[in-house]
Undergrad: 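Okay, handing you the structure first.
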Amino acid sequence: MPGDDGYQHDLLVIGGGGAGLRAAIAAAEESNRLSIAVLSKVYPMRSHTVSAEGGTAAVMRENDSLDTHAKDTIFGSDFLADQDVVEVFVKEAPGEVIRLEHWGCPWSRDPDGRVSVRPFGGMTVNRTLYAADKTGFHMLHALFQTSLKYERITRYDEWFATSLLLEDGKVCGVTALNLHDGQMRPIVAKAVIMCTGGAGRIFPFTTNAAIKTGDGMALAYRAGVALKDMEFVQYHPTGLPGTGILITEAARGEGGHLKNKDGYRYLQDYGLGPPTDTPVHRKMELGPRDILSRCHIQEHQKGRTFDGPDGHYVHLDLRHLGEKLIDKNLPFVRELARNYVGIDPVHEPIPVRPVVHYMMGGISTDITGKTSLDGLYAAGEAACVSINGANRLGSNSLTELLVFGARAGRAAARHALERPTLRSNPLAQLASDERRRLDQRFLRADGREKIADIREEMQKAMESGCGIYRDRATMEGTCQTLRKLRERFAHISLADKDAIFNTELIAALELECTLDVAETVARSALAREESRGSHTRTDFPKRDDARFLKHSLAYRTPDGPRIEYLPATITRWPPEERKY
Ligand SMILES: Cc1cc2nc3c(=O)[nH]c(=O)nc-3n(C[C@H](O)[C@H](O)[C@H](O)COP(=O)(O)OP(=O)(O)OC[C@H]3O[C@@H](n4cnc5c(N)ncnc54)[C@H](O)[C@@H]3O)c2cc1C
């Protein structure tokens, strides 16, 4: 903690979710000479990872193989995943989930004592481990309690990182606001790992917690790092209307049916049939999320969805699974449906509709989690190491946190060990500059604009231009609106001018981040003139490998993002048509 030099560590992890804690533990294991810090705007156990329900993918059974997991992931990504990265991912996944069990994660088990695996969308073999339908809670808990073992890991809970500190083109730490006393401090570190999670809150209707505002993506972007593949936003086909609360894919993995208003399993009309009573891999309800979300919209256009006060929806029917199975494997689904839509899935079907769920894109990193900026690493949903490409398969993300959290932790630890000790004096100056910026911009400002108005307009613009179906005209409109909102943001005023626990100030900082991230999504989407994975353009309905078998990279400029491209890495799976 603070010494004469202020707040100084060898390694600083921003984010106390699954990726951040896994990274911190890996760094602590790499060397006992390192002082490590985990800084998080909420208590670690409140990070979004806690709400993951369905499970985490890894090859655990004789009928499975690393190549099959790799192929499913690459196929699901619509061939935009980097295949060398996917190969490392599937290889290191089983070791990671077993290690997590040794740290206390209670995986659900079969009667013969083996770890259970359930089917998941787009996976051709049962390979999704789970802890009932509270997988994220148990994983995060196991990681959190393991991190407590290491005295050399210091925590800054309820601190908000506002900017990266740079000296001579190298990262030297961050400025962060201690929410408890309102003080801005420089936290000096030889390496920083960004594990700040996704940015679903750029959209109005999302499964994502309110804290998922893309802060780390924005901080890296402002420091000159590219955001990769930002146009790829995953809609999950089964959220509760109104709240957007997720009904996990595990409900379909266990055998749930999607039905339209005529009680008909409509997915059979979209090349995903034939319908059966037991789940068939990659067919019907176990098709990938991008395709299922598009089927919903088409079904709506045919007038075959229900209409409710919160828009159109279809039914997710679990009744035939029976109370015993629902209570054993899907107890949280029952709890959520009862509490939030007043429906008991044992007796009635659950209303569901597509909802924004996950960002495939993020801070561009290499296979070790390193970014283009010396000293900066990233992992988890904030990063794009490129296993998800244009569409992530459900249950790969929790595994990604483990595999690439650990990799980033090790790589950053080695970097910190090699780097000479930093002087914190010039950095203290940078922190007071940052404090002044916030004071002038937010606390003394007397503008007329309101945070809530700008946020709402941004979210509406994103939904209209960057939703499930996209076209040039609406995306151009979205880009223009976002530029105007940025100008308006310069004139916001806060009612709360207090320093201590100023949640309105945090909301303003988060809004500033979402505006940056939203713009990279819209501009990258506009530039990609093809349809691939979750990015579906009505004006360019086909995948175009000749022009776009490549990652987009969004770089910050004063006039908005500049988009460049980087070829996708193909090793053993040449692109083919993605049919299910
Ligand atoms: C409802 C739901 C269910 C899901 N279910 C599954 C599933 O079953 N299987 C699966 O594979 N995936 C699932 N996912 C996706 C997966 O859970 C997430 O992608 C993953 O947990 C993200 O983890 P993370 O560590 O990258 O970030 P998070 O868990 O989101 O943590 C981000 C951390 O960064 C910190 N932070 C952010 N900004 C700042 C800042 N400015 N200053 C300081 N700290 C900051 C936060 O405090 C937090 O600690 C689900 C997602 C949701 C929303």
Side-chain angles (χ1 to χ4, degrees), residues 12-23 38-58 93 118 120-121 128-131 133-137 139-140 143-144 155-164 174-179 187 193-201 206-219 234 236 238-240 244-250 253 289 332 336 355-360 362-363 378-383 388 392-402 404-405 408 506 509-510 512-513:
L12 174 63
V13 181
I14 313 290
L21 294 177
R22 184 66 192 91
V38 174
L39 182 141
S40 176
K41 67 179 175 178
V42 298
Y43 276 95
M45 277 304 296
R46 310 189 86 177
S47 306
H48 189 74
T49 300
V50 81
S51 57
E53 301 166 26
T56 191
R118 63 169 39 130
F120 237 68
T128 299
L129 291 84
Y130 56 97
D133 55 1
K134 296 182 181 167
T135 309
F137 168 82
M139 287 178 66
L140 194 60
L143 288 167
F144 184 60
R155 288 212 328 276
Y156 295 91
D157 294 336
E158 298 185 322
W159 284 60
F160 189 100
T162 65
S163 73
L164 281 166
V174 301
T175 54
L177 197 61
N178 177 351
L179 301 186
I187 303 191
I193 315 179
M194 219 35 114
C195 299
T196 41
R201 287 280 159 170
T206 172
T207 62
N208 284 195
I211 53 174
K212 295 196 74 169
T213 45
D215 309 357
M217 295 179 187
L219 264 51
Q234 178 162 78
H236 193 296
T238 62
L240 293 181
I245 288 173
L246 178 76
I247 297 299
T248 170
E249 191 160 297
R289 293 173 178 177
F332 195 42
L336 289 172
V355 54
V356 168
H357 185 54
Y358 182 86
M359 306 291 295
M360 266 69 78
I363 303 167
E381 195 173 339
N388 301 307
R392 169 180 75 102
L393 292 189
S395 75
N396 265 351
S397 167
L398 290 174
T399 314
E400 178 179 353
L401 308 180
L402 300 174
F404 293 100
I506 295 304
L509 291 167
E510 289 176 335
E512 198 176 23
C513 292

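Just the heavy atoms: all of them, side chains too, but no hydrogens, waters or symmetry mates, feed the values below. Atoms within a ligand are numbered from 1 in the order they appear, just like the ligands themselves.
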Undergrad: Determine the minimum heavy-atom distance between Ser397 and Tyr358, stating which atoms define it.
TA: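 Shortest heavy-atom separation between Ser397 and Tyr358 comes out as OG-CE1, 3.5 Å.
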Undergrad: Among all protein non-hydrogen atoms, which one is nearest to atom 12 (N) of ligand 1, and what is the separation to 0.1 Å?
TA: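 Going atom by atom, the protein heavy atom closest to atom 12 (N) of ligand 1 ends up being Arg392 NH1, 3.4 Å.
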Undergrad: Show me which atoms of ligand 1 lie under 4.0 Å from any heavy atom of Ser395.
TA: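 Contacts of ligand 1 toward Ser395, numbered from 1: 9 (N), 10 (C), 11 (O).
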Undergrad: Check each atom of ligand 1 against the heavy atoms of Leu39 and keep those under 4.0 Å away; list them by number with element.
TA: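 Numbered from 1, ligand 1 contributes 43 (C), 44 (N).
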Undergrad: I want to confirm something. Looking only at heavy atoms, which of His236, His48, Glu381, Met217 is nearest to atom 19 (O) of ligand 1?
TA: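 The option holding the nearest heavy atom is Glu381.
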Undergrad: Taking atom 37 (C) of ligand 1 as the point of reference, which of Thr56, Thr196, Val42 owns the nearest heavy atom?
TA: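 Of the listed residues, Thr196 has the closest heavy atom.
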Undergrad: Is Trp159 near ligand 1, meaning one of its heavy atoms is under 4.0 Å from it?
TA: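 Trp159 counts as a contact of ligand 1 under the 4.0 Å cut-off.
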Undergrad: For ligand 1, which part of His357 has a heavy atom less than 4.0 Å away: the side chain, the backbone, both, or neither?
TA: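 The side chain, only.
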Undergrad: Pairing donors with acceptors under 3.5 angstrom, does anything connect the side chains of Glu400 and Asn388?
TA: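 There is such a pair (donor and acceptor under 3.5 Å, judged by atom type) between the side chains of Glu400 and Asn388.
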Undergrad: Students should be able to answer this: which protein heavy-atom is nearest to atom 17 (O) of ligand 1, and at what distance?
TA: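 Nearest protein contact, heavy atoms only, for atom 17 (O) of ligand 1 is Ala52 CB, 3.6 Å.
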Undergrad: Show me which atoms of ligand 1 lie under 4.0 Å from any heavy atom of Gly16.
TA: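 The atoms of ligand 1 under 4.0 Å from a heavy atom of Gly16 are 33 (C), 48 (C), 49 (O).
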Undergrad: Looking only at non-hydrogen atoms, which of Asp215, Leu140, Asn388 approaches atom 39 (C) of ligand 1 most closely?
TA: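 Residue with the shortest heavy-atom distance to the ligand atom: Asp215.
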Undergrad: Work out whether the distance between some heavy atom of Pro44 and some atom of ligand 1 is less than 4.0 Å.
TA: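 Judged by the 4.0 Å heavy-atom criterion, Pro44 does not count as contacting ligand 1.
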Undergrad: Kindly indicate whether the side chain of Leu177, heavy atoms from C-beta on, has any atom under 4.5 Å from the side chain of Ile506.
TA: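 Result yes, sub-4.5 Å side-chain heavy-atom pair found.
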Undergrad: So which protein heavy atom does atom 42 (N) of ligand 1 come closest to, and at what separation?
TA: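 For this ligand atom, the closest protein heavy atom is Ala161 N, 2.9 Å.
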Undergrad: With side chains defined as the heavy atoms from C-beta onward, is the minimum distance between Leu129 and Thr399 less than 4.5 Å?
TA: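 Leu129 vs Thr399: side chains apart.
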Undergrad: Please could you name the atoms of ligand 1 that Gly18 approaches to less than 4.0 Å, counting only its heavy atoms?
TA: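 Selected atoms, number and element: 25 (O).
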Undergrad: Under 4.0 Å from a heavy atom of Tyr358: which atoms of ligand 1 are those, numbered in the order shown and with their elements?
TA: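 Near Tyr358, the atoms of ligand 1 are 19 (O).
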Undergrad: Between Leu509 and Lys41, is there a side-chain heavy-atom distance shorter than 4.5 Å?
TA: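 A side-chain contact is absent here, since even the closest heavy-atom pair is not under 4.5 Å.
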Undergrad: Nearest to atom 22 (C) of ligand 1 by heavy atom, Asn396, Thr207, Thr49, Leu246: which?
TA: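 Checking each option, the heavy atom nearest atom 22 (C) of ligand 1 is found in Thr49.
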Undergrad: Any side-chain heavy atom of Pro44 within less than 4.5 Å of one from Leu140?
TA: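 Side-chain contact under 4.5 Å: no.
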Undergrad: If we only count heavy atoms from C-beta on, is the Met139 to Arg22 side-chain gap below 4.5 Å?
TA: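 No - every pair of side-chain heavy atoms lies 4.5 Å or more apart.
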Undergrad: Need the ligand 1 atom indices (1-based, order shown) with element for anything under 4.0 Å from a heavy-atom of Gly15.
TA: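 Per the distance check, 33 (C), 34 (O), 35 (C), 49 (O).
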